Structures are given as structure tokens and as C-alpha cells.
Number of protein chains: 2
Amino acid sequence: MHGGCVASRSADSRTGNGSPSAVDAVSLAIIEQLQEDGRRPYAAIGKAVGLSEAAVRQRVQKLLDQGVMQIVAVTDPLTVGFRRQAMVGINVEGDLDPVAEALSAMAECEYVVMTAGSFDLMVEIVCEDDDHLLETINKRIRTLPGVRSTESFVYLKLKKQTYMWGTR
Amino acid sequence: MHGGCVASRSADSRTGNGSPSAVDAVSLAIIEQLQEDGRRPYAAIGKAVGLSEAAVRQRVQKLLDQGVMQIVAVTDPLTVGFRRQAMVGINVEGDLDPVAEALSAMAECEYVVMTAGSFDLMVEIVCEDDDHLLETINKRIRTLPGVRSTESFVYLKLKKQTYMWGTR
DNA sequence: TTGGATGCGACTGAATCCGAAGTTGCGGGC
DNA sequence: GCCCGCAACTTCGGATTCAGTCGCATCCAA
């Protein structure tokens with residue numbers, strides 16, 4: 001499967017206004033449950049949010065189909081053999097989109113975002129070692145047409161990483 | 001619950017050498033399966049990786065217990081009511097740790113990482129609106145003792161967000 | 001060789017998932 | 001006012017899956 005890009009999928013459902021296919025309070029509560037444990041049984045979620053098991057199942061399916069949420073395993077890259085990570089700020093000449101698309105297509109890019117400020121794009125890179133990191137930045141990113149300059153921030157230590165959006 | 005920080009948990013199991021309680025190839029294959037679909041049945045995973053259902057279940061449980069992996073729902077913050085996100089680069093005077101700790105304790109900070117380069121810390125912030133974002137950066141981050149300067153990159157559009165570590 | 005620990009497959013009852021069908025509530029067209 | 005369609009919910013029964021537990025093979029150290 002090629003799946004796995006929340007942003008682009010949800011962008012589809014967002015065409016038009018700024019407030020997408022609004023997620024109501026109940027669905028938010030369901031998401032919170034699944035943020036605590038992605039395999040929690042539907043019946044348990046239903047009890048927590050006041051819905052039947054089937055209703056929860058239908059809502060979860062819809063949230064997944066719409067790309068509002070995905071249920072996945074996440075790991076600490078360091079424990080699975082990726083020893084170098086970096087954030088790369090990029091300045092682009094002309095249209096951002098083709099560059100952003102090209103970056104998104106690269107397996108090493110975990111995270112691609114367009115920003116306002118002194119960078120046009122910020123990209124998180126996950127690599128196996130220094131050589132891999134160097135090659136990715138120097139040979140693959142900096143040579144993309146439109147890329148004017150880059151600045152790299154190699155990760156020294158990951159202090160916090162959460163997935164609790166909506167839980168506040 | 002307060003759970004949910006992969007980094008700190010896996011750091012515990014990482015004390016000692018650089019290569020932790022090494023994840024073998026079969027467990028990696030299991031992780032890959034769960035990165036595609038966090039609710040995939042154990043039997044289906046077993047068929048894919050060549051193990052019995054029970055063996056997969058035991059391995060998954062161990063991976064979860066060890067903090068190597070967690071199975072969670074992830075969302076695009078924009079679709080669940082958080083309309084402003086930013087990456088903030090921070091320069092610190094003196095020891096980084098207390099500042100990193102303070103940032104990690106803030107609910108708005110999704111992601112805190114120490115970096116090499118022209119920033120000492122990079123932090124991802126998720127806020128409900130502009131006021132919230134301004135207050136967080138200006139009143140809560142910039143006033144932390146030790147923070148010398150900050151630079152903000154407000155997100156315009158999230159292009160890619162994956163959790164496919166290890167899938168390559 | 002022996003003892004202990006570990007990982008695996010097989011089995012079983014209980015819990016869960018899943019699809020189909022029926023119910024309710026609401027708004028638009030006639 | 002009435003009917004129709006739509007969307008979300010509930011109920012229900014059968015198939016599947018989950019969570020223990022058991023015995024067995026392997027590996028490693030004593």
C-alpha cells in the first residue's frame with residue numbers, strides 16, 4: 001500500500017472552507033480513547049462515550065475513511081535502527097508546491113510542512129547513519145530544482161513526542 | 001492518563017549502549033504490519049510474518065511493554081480544532097536540560113528535541129488559535145529562564161506526516 | 001549432562017468484531 | 001400536512017479474534 005499521508009487525505013475533505021467536515025464532540029471523545037490505546041475494544045469505547053458498540057465502530061470507520069485519524073504503531077526510530085535524524089529548513093525559489101511534492105515522495109522525509117518565517121519549508125529526515133543523512137541532504141534535497149538554500153539541525157536528543165492532540 | 005512519551009520510555013531501555021534490547025527482524029516485520037494498520041488481527045500478522053497467532057500476540061505485548069512501540073490514533077490537528085501550529089527554534093544560555101524539561105511539561109508542546117546547528121532546541125507547538133499561539137510563545141516560552149531568543153515558523157500547510165519508520 | 005529460561009504452537013472458553021436489518025429523527029419537496 | 005430520503009443509531013446472531021494456559025523444543029550456562 002502507498003497509504004499513510006494524513007495531511008493530503010484530510011486536505012481533500014477540507015476543500016472549500018477552513019472548518020472541514022467538523023468532528024463533533026463525540027467523535028473527539030472516541031479519538032481520545034484511541035489515542036490512549038489504539039486497540040481498545042469498541043464496546044469499551046462505547047461505554048466511555050455513551051454509544052453502542054456498533055455506533056462506535058461506524059464512526060471509527062468513517063474517521064479512518066475520511067482521513068481524519070489513523071491508527072498506527074509508532075516507534076522511537078533509534079530503537080529500530082535509524083540513528084540520525086534532522087530537521088531541515090529550506091528556502092525555495094518560485095512555487096513551493098513542486099518542491100514540497102518531491103520531498104513528500106522521499107522515503108527519508110517523515111514530515112513535510114510549509115511555513116511562514118525565514119524558511120519556506122521544514123522537513124524532518126530519518127536516516128540510518130551519517131552517510132545516509134549526508135547523501136539525503138546534499139545529493140537529494142539540495143539538488144532539487146527550486147531549492148535555493150537549506151539549513152540542517154541534527155537531532156541530539158528527542159525529549160518529548162506525543163500524539164495527544166485533542167486530549168486537552 | 002499521563003502516558004504517551006515514546007522517547008522517555010525507550011530511553012529507559014536504552015541506558016547502556018547505543019543498540020538497545022535489539023529488535024530482531026521478525027519483530028520489525030510485525031511493527032511494519034502494525035504501521036500499516038494498528039488494529040490488524042494477530043492471526044493476519046502471523047500469516048504475513050510466518051508465526052502463530054499467539055506468538056505474534058506475545059511479541060506485540062512485549063514490544064508495547066518495553067516501550068519500543070505504541071499503538072495509537074494520530075490525527076491531523078487542523079481537523080480536530082487546533083488551527084495554529086508552529087515550529088519554534090530556541091537559543092538557550094547555559095544548560096539546555098532545565099529548559100527542555102520545562103518545555104516538555106507544557107501541553108502545547110507536542111515535540112521537543114535538542115539539536116545541533118543554529119538552534120539549541122526545536123519545539124513543535126499546537127494551539128487553538130492565534131491568541132493561544134501568541135500567548136504560548138511570548139508569555140510562556142520566551143519568559144523561561146535561560147531562553148535567549150526564539151524564532152517561529154508558523155505552519156501554513158502540512159504536506160506529509162508518516163509513521164513508517166522501519167518500513168523501508 | 002542437567003537445570004532453567006525462553007519462545008513457540010496448539011487448544012479452549014470468553015470477548016470481540018462484523019454485517020445486516022430495523023428504528024428514530026429531521027429536513028425538503030409536493 | 002404528508003411522504004420520502006437520508007443519516008445516525010440500536011439490536012442481533014454468527015464468525016472471528018483474543019487471552020490465558022499447557023506442553024514441547026531450543027539454547028545457554030553451570
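Lettering of chains follows the sequences in order, A, B, ..., and the numbering in each one begins at 1. A quick note: this is a predicted structure, and the numbers were derived from the prediction, not measured.
Listed nucleotides D/dC9, D/dT17, C/dG19 differ in distance to A/A54; the shortest reach to its side chain belongs to C/dG19. Side-chain atoms of A/Q58 lie closest to D/dT10 of the nucleotides D/dT10, D/dT17, C/dC17. The listed nucleotides are D/dA19, D/dT10, D/dT21; the one nearest the side chain of A/S52 is D/dT10. Checking C/dG9, D/dA8, D/dC18 against every side-chain atom of A/R39, the shortest atom distance belongs to D/dC18.
Judged by the 6.0 Å and 45° rule, A/R84 forms no cation-pi pair with A/F153.
One interatomic measurement links the two molecules: CD of A/E53 to P of D/dG13, which rounds to 14 Å at whole-angstrom precision. The interatomic distance linking B/R57 (CZ) with C/dT12 (P) rounds to 15 Å, in whole Å. Between A/D37 atom CG and C/dT16 atom C1' there is a gap of 14 Å when expressed in whole angstrom units. Rounded to whole angstrom, the span from the OH atom of A/Y42 across to the P atom of D/dT17 amounts to 13 Å. Separating the CZ atom of A/R40 from the C1' atom of C/dA15 is a distance of 16 Å, rounded to the nearest angstrom. Rounded to an integer number of Å, the gap from B/I45 CD1 to D/dT16 P is 18 Å. Whole-Å rounding puts the B/Q61 CD to C/dT6 P distance at 16 Å.
Within 4.0 Å of B/R59, counting heavy atoms only, lie sugar-phosphate atoms of the nucleic acid but no base atom.
Follow the hydrophobic side-chain contacts under 4.5 Å out from A/M122 and you never reach B/V88; the two are in separate clusters. Cluster annotation: A/L63 and B/I71 are assigned to the same hydrophobic cluster (Ile/Leu/Val/Met/Phe/Trp/Tyr, side-chain heavy-atom contacts under 4.5 Å, transitive).
In this structure, A/K62 does not reach the D/dA7 phosphate: none of its side-chain N or O atoms is under 4.0 Å from OP1 or OP2.
Using a 4.5 Å heavy-atom threshold, the side chains of B/V68 and A/D76 count as separate.
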